[in-house]
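Side-chain atoms are counted along with the backbone in the values below, which use heavy atoms only and exclude waters and symmetry mates.
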Amino acid sequence: MRVLFFYGFWLFLLYSLGGYVLEKLYAAVRRPPHRVRKCFLLLPLCPVYGLALLAVLGLPPDMTGTFWRLALYGGLTATAVEYAVHFLYEKLLGVMFWDYSATKMDLNRRVCVPFALVWGPLTALTVRYVHPWIALAASVMPASVTYGALLLFIADGFLSARVLRRGGNVDLMSLPRLIRALSH
C-alpha cells in the first residue's frame, strides 16, 4: 500500500512539474501580461496537470485502447479535472488561477473548447510516449527521498493555501513578489 502511494505521489509530482514547464513554455511564446500559473509558493508545480494525468491513467482499458479513444476520453477527463480543480480553488481558496472568459465557448470561465481539444491529443501523446519514462522514474524513488518530498510538498501546500486565503491574489505565488508585498 505504501509503495503504491509513493508511486502515485511521484507521478503526481512529476506531471505537476511537467505542467509547470509546459505553462512556462506557453507563456514564453504568448507573452501574456499575467504569467504566474503555478499553484505553490516555493515548488514549481501546477497540480491540475498531475491530477488530470492520474485521472487519465485511471481510465479503464476499453476507453484507452487506441490512440484516438485515449485522446477522446483523456481529453474529456482532463477537462473535467480542470473544471473541478478551478471550482475548488475558487470555493476553498477564493482565487482563480485561470480565466477562459475571453476565449470562445468557455464554461463558467473554468474550461473552454479550444483547450479541451488540445488536452485530448496531449494526454494521448503523454500516456503513450512520456508515461513509460515517468513511470520508471516514479518507481525507483527511494523512500527517504519520498518522505522528504512529501514533507516539503505538505509544508509548501499549507503555506501556499495560507497566502492565497489571506491575500486572495495568485500573483503572490512568487516568493520575490510575496516579499515585496509584505515589505510595503
Side-chain angles (χ1 to χ4, degrees), residues 11-59 63-64 68-127 130 153-154 156-178 180-182:
L11 289 179
F12 167 77
L13 280 185
L14 293 169
Y15 283 121
S16 295
L17 175 63
Y20 172 78
V21 170
L22 186 65
E23 289 286 339
K24 288 297 183 183
L25 291 172
Y26 183 73
V29 170
R30 296 268 336 268
R31 299 189 186 276
H34 187 276
R35 289 185 162 203
V36 176
R37 180 70 192 280
K38 68 179 185 161
C39 303
F40 279 81
L41 183 58
L42 302 173
L43 297 173
L45 301 174
C46 287
V48 66
Y49 290 91
L51 294 171
L53 259 297
L54 286 177
V56 169
L57 292 170
L59 289 172
M63 297 176 108
T64 61
W68 292 111
R69 284 180 73 79
L70 178 57
L72 172 66
Y73 292 112
L76 290 171
T77 301
T79 300
V81 169
E82 182 180 25
Y83 188 94
V85 167
H86 188 290
F87 178 84
L88 290 172
Y89 281 146
E90 199 173 336
K91 297 303 177 195
L92 297 176
L93 300 174
V95 296
M96 291 174 41
F97 278 98
W98 61 91
D99 180 357
Y100 291 126
S101 60
T103 308
K104 294 192 185 315
M105 298 186 292
D106 72 290
L107 180 60
N108 299 326
R109 304 180 306 183
R110 296 181 179 123
V111 295
C112 67
V113 171
F115 279 102
L117 293 173
V118 169
W119 299 141
L122 189 60
T123 59
L125 288 168
T126 301
V127 170
V130 177
F153 175 80
I154 291 169
D156 195 4
F158 278 121
L159 181 60
S160 298
R162 185 173 172 91
V163 166
L164 290 171
R165 292 278 303 160
R166 287 193 165 208
N169 183 354
V170 297
D171 291 328
L172 295 177
M173 298 312 291
S174 159
L175 198 52
R177 288 182 184 163
L178 178 62
R180 276 195 303 273
L182 292 174

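Counting only residues at least two apart or on different chains, the side-chain hydrogen bond (donor to acceptor under 3.5 Å, both in side chains) pairs with a member in residues 105-118 are Y83-N108, Y83-R110, H86-R110, E90-R110.
With sequence neighbours excluded, the residues forming a side-chain contact (heavy atoms from CB on, under 4.5 Å) with A55 are T77, V81, listed by chain and number. Shown here are the side-chain contact (heavy atoms from CB on, under 4.5 Å) partners of R162, two or more places apart in sequence or in another chain: R166. Applying the ring pair (Phe, Tyr, Trp, His ring centres under 6.0 Å) test to Y73 and every residue at least two apart in sequence or in another chain returns nothing. For S160, the side-chain hydrogen bond (donor to acceptor under 3.5 Å, both in side chains) partners at least two apart in sequence or on another chain are D156. For T64, the side-chain contact (heavy atoms from CB on, under 4.5 Å) partners are L59, L70, not counting sequence neighbours. Partners of P114 under the side-chain contact (heavy atoms from CB on, under 4.5 Å) rule, at least two apart in sequence or in another chain, are T103, C112.
With values rounded to the nearest 0.5 angstrom, L51 atom CG is found 12.0 Å from E82 atom CD. Taking CZ of F153 as the start and CZ of F158 as the end, the distance is 10.0 Å to the nearest 0.5 Å.
The closest side-chain heavy-atom distance from Y89 to P47 is below 4.5 Å. The shortest side-chain heavy-atom distance between F97 and L164 falls under the 4.5 Å cut-off. Between L53 and L11, the closest side-chain pair of non-hydrogen atoms is not below 4.5 Å. Counting only heavy atoms from C-beta outward, the side chains of L13 and L45 approach each other to under 4.5 Å. The shortest side-chain heavy-atom distance between M96 and V170 does not fall under the 4.5 Å cut-off. Residues F115 and W98 have side chains not in contact (no heavy-atom distance under 4.5 Å, counting atoms from C-beta outward).
Between G167 and L172, the shortest heavy-atom distance links the atoms CA-CD1, 4.1 Å. When every heavy atom of T79 is checked against every heavy atom of G75, the shortest pair comes out as OG1-O, 2.8 Å. Of all heavy-atom pairs between Y49 and S16, the closest is CB-CA, 4.5 Å. Nearest approach of A78 to V56, heavy atoms of both residues: N-CG2, 4.4 Å. Among all heavy-atom pairs drawn from G50 and Y15, the shortest one is CA-CB, 3.8 Å.
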